[in-house]
Every structure is written in C-alpha cells, then in structure tokens.
Protein chains: 2
Amino acid sequence: MDIVFKAINDPTRREILRFLTHGPQNAGTIAQQFNMSKPSISHHLDLLKQAQLVDFSKKGQFLVYTLNKSGFETIHTWFQPFTLFFELPKPKIRL
Amino acid sequence: MDIVFKAINDPTRREILRFLTHGPQNAGTIAQQFNMSKPSISHHLDLLKQAQLVDFSKKGQFLVYTLNKSGFETIHTWFQPFTLFFELPKPKIRL
DNA sequence: TTTATATTTAAATATTTGTTTAACTATTTA
DNA sequence: TAAATAGTTAAACAAATATTTAAATATAAA
C-alpha cells in the first residue's frame with residue numbers, strides 16, 4: 001500500500017499516469033514528453049509498475065506501458081472512508 | 001497540489017487522518033495513539049495542515065484538530081479522470 | 001555478423017524527509 | 001506569582017529520493 005502513495009507523490013509520475021489515459025505508450029514516447037533523461041523516466045516507470053499503477057508488455061524492441069487498474073483500486077479503497085465522511089461525490093470506479 | 005500528495009505519502013499521517021474520522025481530537029490525544037515523540041506528531045500535523053487535509057482551532061490550552069474537506073477535494077479532483085478511464089469499454093482487438 | 005535502436009541497470013551525488021532531544025510559548029492551576 | 005500542562009519550534013542527523021552519466025542487455029536492421 002505504501003508504495004502506491006509513494007508512487008503518486010512525484011509530479012513526473014503523476015504526469016506519466018495522466019499521459020497514459022490517452023492510451024498505451026512506449027517508454028521512449030513517454031520519455032519524450034519530459035525534459036529529463038531516459039534512465040530517470042525508466043526509474044519512474046519502474047516505481048509505477050511496483051505500485052501496480054502501470055503495466056507493460058514487450059512488443060519487439062519496445063516496452064508498451066498501460067495503466068493498471070489494481071493500483072487505482074488501492075487508492076480508491078483508501079479514499080472511500082473520507083468520501084463517506086464528507087459525502088463527496090463517489091468516484092465511479094467499478095470494482 | 002504537490003503538498004497534498006506529499007502529506008498522504010507518510011503512513012503515520014494517513015493514520016492520523018483515519019483517526020480524525022472519529023471526530024475532532026486534541027494534539028495530545030492524537031500523539032498518544034503513536035509510539036513517537038510529540039514533536040514528530042506536531043510536525044506531521046503541520047504538514048497535514050499545509051495540505052489543508054486538517055484544520056485546527058484553539059480551545060484554551062488545547063489545539064483541536066479536525067479533517068478539512070479542501071485537501072480531500074484536491075485528491076478527488078486528481079483521481080476523477082482515472083475513474084472515467086476505467087469506465088470506458090474494454091480496448092478492442094487490433095485489426 | 002556488425003551496427004543501430006530501445007530501454008534498463010548501476011554508481012554516484014545532492015536534496016528532501018522523518019525522527020529525536022532541547023528549548024520555547026501560551027495557558028491553566030495552586 | 002510560581003509551577004504544571006499542552007503544544008510548537010529549532011537544531012542535528014540518518015535514511016530515503018530523484019537525478020545524472022556511463023555501462024549493460026536485448027532486439028532489429030544492414
């Protein structure tokens with residue numbers, strides 16, 4: 001659980017997640033969006049992977065990253081009691 | 001925005017937030033829940049305050065902390081696009 | 001094969017973070 | 001007023017983090 005919160009703490013990683021809502025992307029394509037070295041992005045992707053916020057599959061020489069529902073469910077589960085407390089509009093994620 | 005994610009990154013701070021769903025609590029009462037020095041808890045409360053996840057008011061010699069909706073709304077707003085993403089129909093087979 | 005491309009892993013480093021002890025401020029009680 | 005209580009602020013430091021450059025791995029193209 002800790003790893004998910006660690007993962008979304010970094011602004012670059014949050015941008016990567018946002019970028020992936022547009023669909024699956026190669027590591028290189030993701031790296032291009034940021035003024036940052038590839039190893040740094042690779043490190044961020046690794047952390048997002050550990051948090052199960054992204055997943056990847058190998059397509060030839062490319063690694064294609066996608067959003068992974070599991071990590072987001074973890075966040076949702078943590079957040080739920082507070083939405084009840086405040087009666088915030090409920091996130092519509094399907095569990 | 002960054003400060004909110006920083007705030008919820010720490011497990012002690014997440015426990016404090018959870019504890020406050022039971023209602024307003026004095027700093028001292030909060031500190032008692034944790035095997036940790038008061039200054040450390042005070043520091044965590046300060047960060048939660050900066051993130052607008054908690055608020056406090058002075059009652060005599062006591063500081064009474066409560067949950068603050070603002071910070072949670074920030075999290076909710078950030079989370080929303082991902083809930084929408086996972087509601088979309090499953091990706092179709094590529095032709 | 002050899003070379004180029006895509007990406008990760010490793011090593012090094014500066015910055016940030018969480019914790020503690022000690023000192024300080026404010027309020028209550030005797 | 002003096003002493004006790006509630007809590008914060010300050011200083012110091014070890015541990016964790018994000019970044020970079022350089023080296024390594026794997027696949028594709030020539």
Side-chain angles (χ1 to χ4, degrees), chain A residues 1-20 22-68 71 75, chain B residues 1-20 22-68 71 75 78 94:
Chain A
M1 175 155 204
D2 283 19
I3 187 70
V4 179
F5 291 100
K6 174 178 167 180
I8 63 172
N9 187 20
D10 185 87
T12 301
R13 288 195 286 268
R14 290 199 302 276
E15 281 197 65
I16 291 173
L17 292 176
R18 179 75 74 106
F19 184 53
L20 287 176
H22 300 134
Q25 307 287 346
N26 296 345
T29 312
I30 295 167
Q32 280 178 4
Q33 311 299 311
F34 301 92
N35 185 21
M36 198 176 289
S37 70
K38 276 177 148 189
S40 190
I41 297 297
S42 185
H43 157 73
H44 287 309
L45 288 169
D46 178 52
L47 243 146
L48 290 169
K49 179 71 167 51
Q50 285 180 52
Q52 301 188 72
L53 286 161
V54 306
D55 209 342
F56 65 80
S57 61
K58 206 160 189 177
K59 288 274 162 61
Q61 64 192 15
F62 300 96
L63 289 182
V64 184
Y65 283 85
T66 59
L67 292 180
N68 180 349
I75 298 169
Chain B
M1 176 156 204
D2 283 18
I3 187 70
V4 179
F5 290 99
K6 175 178 167 179
I8 63 171
N9 188 21
D10 185 87
T12 301
R13 289 194 288 269
R14 290 198 302 276
E15 281 198 64
I16 291 173
L17 293 175
R18 178 76 70 111
F19 184 53
L20 288 175
H22 300 133
Q25 306 287 347
N26 296 347
T29 311
I30 296 167
Q32 278 178 4
Q33 311 300 310
F34 301 92
N35 186 19
M36 198 176 290
S37 70
K38 275 177 143 188
S40 190
I41 297 298
S42 185
H43 157 72
H44 287 309
L45 287 169
D46 178 53
L47 241 146
L48 290 169
K49 180 69 166 52
Q50 285 179 53
Q52 300 189 72
L53 286 162
V54 306
D55 209 343
F56 66 81
S57 62
K58 204 161 187 175
K59 288 272 161 61
Q61 65 193 126
F62 300 95
L63 290 182
V64 183
Y65 283 85
T66 59
L67 293 180
N68 180 349
I75 297 169
W78 172 78
R94 277 230 307 261

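Numbers restart at 1 for each chain; the letters A, B, ... are given by sequence-line order, proteins then strands.
If you measure from atom CD of Gln50(B) to atom C1' of dT17(C), you get 13 Å, rounded to the nearest angstrom. Atom CZ of Phe34(B) is separated from atom C1' of dT20(C) by 18 Å (rounded to the nearest Å). Atom CG in Asp46(B) sits about 10 Å away from atom C1' in dT9(D), given to the nearest Å. Distance CG (Leu45(B)) to C1' (dT9(D)): 14 Å, rounded to an integer number of Å.
The main-chain N or O of Gly28(B) is never found under 3.5 Å from a side-chain atom of Gln32(B) such that the two would form a donor-acceptor pair.
In this structure, the helix from dT1(C)-dA30(D) to dA30(C)-dT1(D) shows an angle of 10° between the axis at its start and the axis at its end, each fitted on 5 base pairs and rounded to 10°.
Separating the CG atom in Leu53(B) from the CD1 atom in Ile75(B) is a distance of 5.0 Å, to the nearest 0.5 Å. Taken from CD in Gln52(A) to CG in Leu48(A), the straight-line distance is 12.0 Å, to the nearest 0.5 Å. Atoms CD1 and CG, from Ile3(A) and Leu47(A) in turn, are 4.5 Å apart once rounded to the nearest 0.5 Å.
Between Leu45(B) and Ala27(B) the shortest heavy-atom distance is CD1-CB, 4.2 Å. Scanning both residues, Leu20(B) and Tyr65(B), for their nearest heavy atoms gives CD2-O, 3.6 Å.
DNA chain C lies under 4.0 Å from at least one heavy atom of each of the following residues of residues 3-19 of chain B: Lys6(B), Asp10(B), Arg13(B).
Partners of Asp46(B) by salt bridge (charged side-chain N to carboxylate O under 4.0 Å, His left out), not counting sequence neighbours: none found. Contacts of Lys49(B) classified as side chain to side chain contact (heavy atoms under 4.5 Å, CB included), with partners at least two apart in sequence or in another chain: Val54(B), Asp55(B), Phe56(B).
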Going by atom type alone, with no hydrogens or angles, which donor-acceptor pairs under 3.5 Å involve a side-chain atom of residues 6-13 of chain B and a protein atom two or more places apart or on another chain?
{"from": "Asn9(B)", "atom 1": "OD1", "to": "Lys6(A)", "atom 2": "N", "distance (Å)": "3.1"}
{"from": "Asp10(B)", "atom 1": "OD2", "to": "Thr12(B)", "atom 2": "N", "distance (Å)": "2.9"}
{"from": "Asp10(B)", "atom 1": "OD2", "to": "Arg13(B)", "atom 2": "N", "distance (Å)": "3.1"}
{"from": "Arg13(B)", "atom 1": "NE", "to": "Ala7(B)", "atom 2": "O", "distance (Å)": "2.8"}
{"from": "Arg13(B)", "atom 1": "NH1", "to": "His44(B)", "atom 2": "ND1", "distance (Å)": "3.0"}
{"from": "Arg13(B)", "atom 1": "NH2", "to": "Lys6(B)", "atom 2": "O", "distance (Å)": "3.1"}

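Checking the phosphate oxygens (OP1, OP2) of dT20(C), no side-chain nitrogen or oxygen of His43(B) falls inside 4.0 Å. When the side-chain nitrogen and oxygen atoms of His44(A) are compared with OP1 and OP2 of dT19(D), one or more of them lie within a distance under 4.0 Å. Contact check, Tyr65(B) against dT8(D): a side-chain N or O comes under 4.0 Å of OP1 or OP2.
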Could you walk me through whether Trp78(B) and Val4(B) pass the side-chain contact (heavy atoms from CB on, under 4.5 Å) test, one step at a time?
-> CA-CA 11 Å; Trp78(B) 172 78; Val4(B) 179; over 6 Å; no
At under 4.0 Å between heavy atoms, which parts of nucleotides 20-30 of chain D does protein reach? Answer with one letter per nucleotide, 5' to 3': B base, S sugar-phosphate only, - none.
-> BBB---SBS--
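At most 12 non-hydrogen atoms from other residues, nucleotides or ligands lie less than 6.0 angstrom from CZ of Arg18(A).
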